[in-house]
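Have a look at the structure below before the remarks.
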Amino acid sequence: RNRIFGSPQGHAYFYTGGRMSEQAFGFYERRAQGGAASVCIGDSTVDSVRSRANGEHVPMDDMSVGNMSSLNRCSGLIARHGAVPVMEISHAGGSARLSAMAGETIYAPMEMETEMFGRKVVAHEMPVEIIEEIIQQYATAALNAKKCGFGMVNVHGGHGWLIHQFLHPSNTRKDEWGGSFENRMRFPIAVCEAIRKAVGPNFPIEIRLSGSECYDGGYDVDYGVAIAKALDGKVDLLHISAGSHEKPEVFTITHPCMFWEDGVNVKYAAEIKKHVDTAVATVGSLSDPEMLEDIIASGKADVVEIARGLMADPDLPLKAREGRPEDIRQCLRCLSCFSDQMTKMRCTCAINPENNNEIDYRSVAMPKRKERVVIAGGGIGGMEAAINAHERGHEVILFEKGDKLGGILHCEHDVPFKKHLADYIEQQARYTKEACDKLLLNTAATPESVLEYEPDAIIAALGALPWHPAIPGLDNEKVLNAVQAYANPDALGDEVTILGGGLAGSELAIYLSILDKKCKVVEMLPELNDGGNILQGLSINIQFGMKGVETHFGTKVLSVDADAGKVIAEEDGKQIELAAPTIVTAMGMRALRDETNELAKCAKEFYAIGDCTKARNIKAATSEAYQAALDLGRL
């Protein structure tokens, strides 16, 4: 357990009205219950006036009654489960955009300009007296964390925040705080020394660093090693991450997307560990216990830190300890959590409906009556509904028209970057078979077949089918849909034109590119249609560039001729002809609403979930299924 730390996680809506919210308490305590050695509150600030970057931050310079009370409560909730509460302390420096937009003067080591919401923000070169003031602010923040029951501080020195700005090669100040490497390291060393003086010798200090910036023009791991060596012995743990938030193209490396291998950033920690005596932690796309064990046993790192993996399954450490790796819900790395946080101010999880709803679901009343529940459809939503209905004591009968559970997403089983999705589907299928009192495969849920079982309640999870508009030529049998293409890529030629630039079509293009097929994507919208998952969209655009996928955005398909291998389209107001030896449509899905409405007549209690109401995503299916199961038998 003591090798598994909860990596810093902070959400803007967790701190409101002068204190941490009940929602935050539930979120952090749940991770402690799951067996992590430590749970870290992310994004606190040492300066609540000049360091606001991303909405609300826990202000560690504020020891008012309300803030002290909430911080002590949070640390107590974590500690009572045997975990160490940790506070991440940071200063945004030149990235403190919200402070600047509120009229405050912000500072960086050197004058720098950033942009937020289309507005330029200028940070001024930091005077020496401000430097000395901020060093003391770090020390005060760490001491305040200790006073509020936290057992360790995590000093954020990576990802482009103030400490990173000081130690970066771009810091060419002419005084003792910049220019040479020794001078650039003076600020982070001074911060660590001031914290140590404030908290005493037996209070652990962790510092988070970018082992490499991972972009052209950024520093590499050799410079990361030099940074770590300069801090060796001045802290208790070197937490090695990667990237910088000032470069959007590396966001999906700092927080690895599905297109990178598991543990993609471990190599930076492993290299740094060769050169220092201080303990080293690694982070990023870590959730497989076998991989975690190998990292520790082979000496690549002393500690593994997990963030999204504990959102997908906060019980990961306990399940690993009990020898139940097959029961761990491994993060899909779909980035819907971060995207929702940025666009909806609410960080959710595609496969864990309880995430960020811990308080809501902690004490849900058991049903007033146990029911016979028919679930129509064995896809993502149907399986989640069956599992949870069974856990609440209901009799479960599930109809699935296909010969196996999992639904339409089975077509992506062999996609390498969807490995964790395939594992999740197989895991859910296993749980569903255990949950069902009767499992009817190869059996469609119709009013006639359902009524034979006299259900008290029905949960319709019939899903959706591929759809395309009435464009001349699309009804040619040579034109395939995305499901067919995923299921049988060998049937496609070497050149594939995909009509539709949503996530399904775009991810298909990346998959086919891995299979050495040349792909082009045609999308009517002016940019990739990410369906609201803006960071998965960013990941896909990066992959398009790496794999040479040809894109035609803002392009309307007028007609297709599969026999002649061409697509006629309108682009920039002109008619164009695109070569298309193989044509695949990914232009949307049709919800099975009529079939769903027929089932609504067959039981007094009825719920429709997932794609059968509107084609969406895994997160919608699991969250709606989970809630429907909780609502069964409520009256």
Side-chain angles (χ1 to χ4, degrees), residues 1-8 37-38 40 86 88 152-161 163-164 166-169 171 180-189 191-193 195-196 204-244 250 253-256 260-307 309:
R1 173 177 184 171
N2 288 340
R3 302 299 183 118
I4 302 175
F5 285 18
S7 188
S38 69
C40 186
V86 181
E88 180 186 56
M152 184 165 75
V153 289
N154 179 318
V155 182
H156 203 333
H159 300 174
W161 298 115
I163 290 176
H164 188 134
F166 264 100
L167 60 78
H168 197 272
N171 174 11
S180 68
F181 178 76
E182 180 182 4
N183 286 349
R184 292 196 295 270
M185 291 303 301
R186 192 178 306 278
F187 181 78
I189 290 172
V191 165
C192 293
E193 290 177 343
I195 291 174
R196 174 58 68 210
I205 302 170
E206 174 183 16
I207 188 167
R208 190 176 219 190
L209 302 168
S210 292
S212 171
E213 290 189 310
C214 305
Y215 65 87
D216 291 341
Y219 69 71
D220 60 14
V221 70
D222 291 337
Y223 193 81
V225 168
I227 295 168
K229 288 171 68 175
L231 292 166
D232 194 15
K234 301 187 183 302
V235 295
D236 300 284
L237 183 64
L238 296 166
H239 173 147
I240 307 304
S241 183
S244 171
V250 297
I253 297 176
T254 302
H255 316 90
W260 300 115
E261 69 272 17
D262 288 2
V264 63
N265 294 332
V266 172
K267 55 183 175 286
Y268 305 119
E271 182 59 30
I272 284 170
K273 184 162 170 57
K274 298 174 185 176
H275 301 275
V276 297
D277 294 323
T278 303
V280 172
T282 187
V283 68
S285 61
L286 301 174
S287 58
D288 177 5
E290 187 173 338
M291 173 177 281
L292 306 186
E293 180 67 22
D294 177 71
I295 290 167
I296 302 300
S298 63
K300 295 183 180 74
D302 302 290
V303 169
V304 291
E305 303 224 7
I306 306 174

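- When atom types are taken as modelled, the side chain of Asp236 and the backbone of Ile205 share a donor-acceptor pair closer than 3.5 angstrom.
- Contacts of Ser241 classified as side chain to side chain donor-acceptor pair (under 3.5 Å), with partners at least two apart in sequence or in another chain: His159.
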TODO: Check the pair Leu237 / Glu305 against side-chain contact (heavy atoms from CB on, under 4.5 Å), numbers first and verdict last.
DONE: CA-CA 12 Å; Leu237 183 64; Glu305 303 224 7; 3.9 Å; yes
Task: Worked check of side-chain contact (heavy atoms from CB on, under 4.5 Å) between Met185 and Leu231 - done: CA-CA 9 Å; Met185 291 303 301; Leu231 292 166; 3.9 Å; yes
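- Atom NE2 of residue His255 and atom OG of residue Ser7 lie 8.5 Å apart, to the nearest 0.5 angstrom.
- To the nearest 0.5 Å, the span separating CG on Leu238 from CD1 on Ile272 amounts to 7.5 Å.
- Of the possible polar contacts, one joining the Ser210 side chain to the Gly243 backbone as a donor-acceptor pair under 3.5 Å is found.
- Between the CD1 atom in Ile207 and the CD1 atom in Ile240 there is a gap of 9.0 Å [rounded to 0.5 Å].
- Residues satisfying the side chain to side chain donor-acceptor pair (under 3.5 Å) test with His168, not counting sequence neighbours, are Ser170, Glu213.
- Residues Met152 and Glu206 meet the side-chain proximity criterion, which asks for heavy atoms closer than 4.5 Å.
- A distance-only check finds no donor-acceptor pair linking the side chain of Asp277 to the backbone of Asp232 [under 3.5 Å].
- Side-chain atoms of Thr282 never come within 3.5 Å of backbone atoms of Val304 as a donor-acceptor pair (strictly under, hydrogens ignored).
- A donor-acceptor contact shorter than 3.5 Å is absent between the side chain of Asn2 and the backbone of Ala37.
- Annotation: salt bridge (charged side-chain N to carboxylate O under 4.0 Å, His left out) contacts of Asp302 (sequence neighbours excluded): Lys273.
- Val283 is listed as a side-chain neighbour of Arg208, based on a closest heavy-atom distance under 4.5 Å.
- Listed for the Tyr215 side chain is no donor-acceptor partner under 3.5 Å among the backbone atoms of Ser244.
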- [ ] Give the intermediate values and the outcome of side-chain contact (heavy atoms from CB on, under 4.5 Å) for residues His156 and Ile163.
- [x] CA-CA 7 Å; His156 203 333; Ile163 290 176; over 6 Å; no
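- A 4.5 Å side-chain heavy-atom check between Pro169 and Tyr223 finds at least one atom pair inside the cut-off.
- With values rounded to the nearest 0.5 angstrom, Asp220 atom CG is found 9.5 Å from Tyr268 atom OH.
- The closest side-chain heavy-atom distance from Asn171 to Leu167 is not below 4.5 Å.
- One distance of note links OG of Ser212 with CG of Asp222; it measures 9.0 Å at 0.5 Å rounding.
- In this structure, Lys229 places its NZ atom where only 12 or fewer heavy-atom neighbours from other residues, nucleotides or ligands lie under 6.0 Å away.
- A donor-acceptor pair is defined here as one N or O able to donate and one able to accept, closer than 3.5 Å; no such pair exists between the side chain of His164 and the backbone of Phe166.
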Task: Working for side-chain contact (heavy atoms from CB on, under 4.5 Å), residues Tyr219 and Ile227 - done: CA-CA 11 Å; Tyr219 69 71; Ile227 295 168; 3.8 Å; yes
